Amino acid sequence: MPAWPHRQAADAQVLSRSQGRSRLRGRVFTVDLRMAYTADTTGRAEEIVAALLKASPEFAELWRSHEVDVTHHEDLKRYRHRELGELELYCQRLVDPDQAQELLVFSAVPGSPSYEKLQLLAAVDA
């Protein structure tokens, strides 16, 4: 049996995950833009929304869905640090809605290789 059907299946799986992440990023962007638009409907956000509604059917669909929150920060994320290699981190989002600011706090499972790498990074940067 030729090897290429397996490669095509693997490529399709990677593409599917990538498209799912892209869709999630679009939803997150739309929610963030909706917050800015709601805070000041006559500001720059209004111009951006109008332009995107004209240019992007995908954005128009997301905008019509009226989502106000998309939880995506709690997922396990993988990062590649130039010196420590791969880090598997969880993210907690702290929000100050009055200032329209967010603080992202990254952490690793205690005792995991990523936790040990973060401890090393903290000691080096101290």
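All values derive from a computational prediction rather than experimental measurement.
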Kindly write out the residues that satisfy side chain to side chain donor-acceptor pair (under 3.5 Å) with Glu83, not counting sequence neighbours, or none if the list is empty.
-> none
Check the pair Leu62 / Arg27 against side chain to side chain contact (heavy atoms under 4.5 Å, CB included), numbers first and verdict last.
-> CA-CA 7 Å; Leu62 291 170; Arg27 290 175 56 215; 3.6 Å; yes
Could you state whether Phe29 and Tyr37 fall into the same hydrophobic cluster, counting links through intermediate Ile, Leu, Val, Met, Phe, Trp or Tyr residues with side-chain heavy atoms under 4.5 angstrom apart?
-> yes
Find out whether Val109 and Tyr90 are in side-chain contact, i.e. whether some heavy atom of one side chain is under 4.5 Å from a heavy atom of the other.
-> yes
Report the residues that fulfil ring pair (Phe, Tyr, Trp, His ring centres under 6.0 Å) with Tyr115, sequence neighbours left out, ordered by chain and then residue number.
-> none
Sorted by chain and number, sequence neighbours left out, salt bridge (charged side-chain N to carboxylate O under 4.0 Å, His left out) with Arg82 holds for none
Is the backbone of His81 close enough, under 3.5 Å, to the side chain of Lys117 for a donor and an acceptor to pair up by distance?
-> no
Lys/Arg-Asp/Glu bridge criterion (N-O < 4.0 Å) met for Glu47, Arg44 | yes
Can Leu118 and Leu89 be said to form a side chain to side chain contact (heavy atoms under 4.5 Å, CB included), step by step?
-> CA-CA 10 Å; Leu118 285 181; Leu89 304 174; 3.5 Å; yes
Between Ser114 and Glu86, what is the shortest heavy-atom contact and its length?
-> OG-O, 4.3 Å
Say whether, by atom type as modelled, one donor and one acceptor occur between the side chain of Arg34 and the main chain of Trp63 under 3.5 angstrom.
-> yes
Between the NZ atom in Lys77 and the CG atom in Leu87, the distance rounded to the nearest 0.5 Å is 14.0 Å
Would you indicate whether the side-chain heavy atoms of Leu52 and Leu33 approach each other to under 4.5 Å?
-> yes
Rounded to the nearest 0.5 Å, how far apart are CZ of Arg64 and CG of Leu53?
-> 8.5 Å
Can you name the nearest heavy-atom pair linking Ala45 to Ala36, along with the distance?
-> CB-C, 4.0 Å
Could you tell me whether the side chain of Glu88 reaches within less than 4.5 Å of the side chain of Tyr79, counting heavy atoms only?
-> no
